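In this text the structure is predicted, and so the values were computed from the model without any measurement. One-based numbering, in listed order, for ligands and for the atoms of each.
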Amino acid sequence: MSKTLAVNAGSSSMKWQMYEMPEEKVLAKGLIERIGLKDSIITVKFGDQKEERVFDIPDHTEAVHVLLDDLKRLSIVEEFTEITGVGHRVVAGGELFKKSTVVTPEVLQQVKDLSALAPLHNPANAAGIEAFLNLLPDATSVVVFDTAFHTTMPEKAFRYPLPKKYYTEHAVRKYGAHGTSHEYVAHEAAKLLGKPIEETKIITAHIGNGASITAINGGKSVDTSMGFTPLAGVMMGTRTGEMDPSVFPYLIENDSELKNAQDVVDMMNKKSGLFGVSGISSDMRDIIGAKDENPDAQLAFEMYVDRIQKYIGQYLAVLNGADALVFTAGIGENSVPVRAAILEGLTWFGIEVAPDKNDWGAVGEISKASSRVKIYVIPTDEELVIARDVESLKTK
Ligand code: AMP
């Protein structure tokens, strides 16, 4: 029996799923949330059991130790040698990685070298990969890149309107992110539409702590909201999304706390978005809980919705119409009020939600029968995509 662990390390979370492959049977899964914050939440589900604990986990290396200890403690594995493959989601693969790849020391170094393109993620991904390599040296380690799906974008979409040399000499271009998620939910949406994916136009809204919107034509990414780094696009939990870059030098000159460009980028990555505008939290649940009494939380909610609506509008133009709009990831899958607020502003396009279907726990279609564009809630399954890629690259 071959066990494969799919690891999806976000900036502050580590989601994992243990599969029996090639059967794709889920043996156990877990989530470590709030890494680096107080009261990290450690959840493990296996069989019909669920365990949840709360204690501080300072970084991703410690999260890997906790995860592996839990696998043994809960008898999910007897020996670590049973785990023959580990797949890691990596956010930035640049122009170097167009598909999933077995980890070698050179590949690990390249993942680190690409950190400039995903400063919140690639270091966390690399730390996770290294921790697993040390603890499970005999397993095949595979990296699955978030950017790979977007390598089909046409040049008119991925290039910035800068002088050409910044692309040719410095590789400054749009790379996108969340590719495994956009790809997976687009394929699931095509199944729901009952059409071959080659004949579909789909807009996918992956909205979680990080968020991106993608225009997918015939199963291929043709444009996406994230850019050179995952700071671009829509507003997020702690990230600004799109900004006028003239603000950068202006703030360096006028704010004593911001001394250089890196300070500004850090502030825009880590202290902005829902957190920065509300002043209370990066977590949408907290924003929704506070917004009736707190005008800043209300504004954060409205801005968040506004940016997503605008990207959906852009991509309806890019695709010249769409068969389906898909909501996925933490907020997209779970937040009825966020979906309702986004959809309320899109009725002119013939996007009509059925309010009774846009309910807690909704999965599948939430549009009215008359809606020109089908609206789906599709739980993403990046871990399954990762496990499949590991299986196809396994050498032992
Ligand atoms: P992700 O990055 O996909 O894990 O998503 C994390 C985000 O999903 C956080 O901002 C959470 O607040 C949000 N989220 C999870 N469950 C809910 C919910 N029931 N309502 C609103 N937001 C939620």
Asker: Regarding K271 and T238, do their side chains bring together a donor and an acceptor under 3.5 Å, going by distance alone?
Answerer: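 No - no donor-acceptor pair under 3.5 Å links their side chains.
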Asker: Quick one: does NZ or CZ of K72 land under 6.0 Å from the six-membered ring centre of F80, within 45 degrees of the ring axis?
Answerer: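 Here K72 passes the 6.0 Å and 45° test against F80.
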Asker: Can you list everything that forms a side-chain hydrogen bond (donor to acceptor under 3.5 Å, both in side chains) with D263? Sequence neighbours excluded, please.
Answerer: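 By the side-chain hydrogen bond (donor to acceptor under 3.5 Å, both in side chains) rule, D263 matches no residue at all.
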Asker: May I have all residue pairs that pass ring-ring contact (aromatic ring centres under 6.0 Å, His included) and include part of residues 310-369, sequence neighbours excluded?
Answerer: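 Every ring-ring contact (aromatic ring centres under 6.0 Å, His included) pair that includes a residue of residues 310-369, provided the two are not neighbours, is Y311-Y315.
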Asker: Can you see which heavy atom on I288 is nearest to which on S335, and at what distance?
Answerer: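 Heavy-atom minimum between the residues: CD1-OG, 3.4 Å.
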Asker: So, using side-chain hydrogen bond (donor to acceptor under 3.5 Å, both in side chains) as the criterion, who are the partners of E293 when residues are at least two apart?
Answerer: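 By the side-chain hydrogen bond (donor to acceptor under 3.5 Å, both in side chains) rule, E293 matches no residue at all.
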Asker: Counting only heavy atoms and a distance below 4.0 Å, can you name the residues contacting ligand 1?
Answerer: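 Around ligand 1, where the cutoff is 4.0 Å for heavy atoms, the contacting residues are G208, N209, S282, D283, M284, R285, A329, G330, I331, N334, S335.
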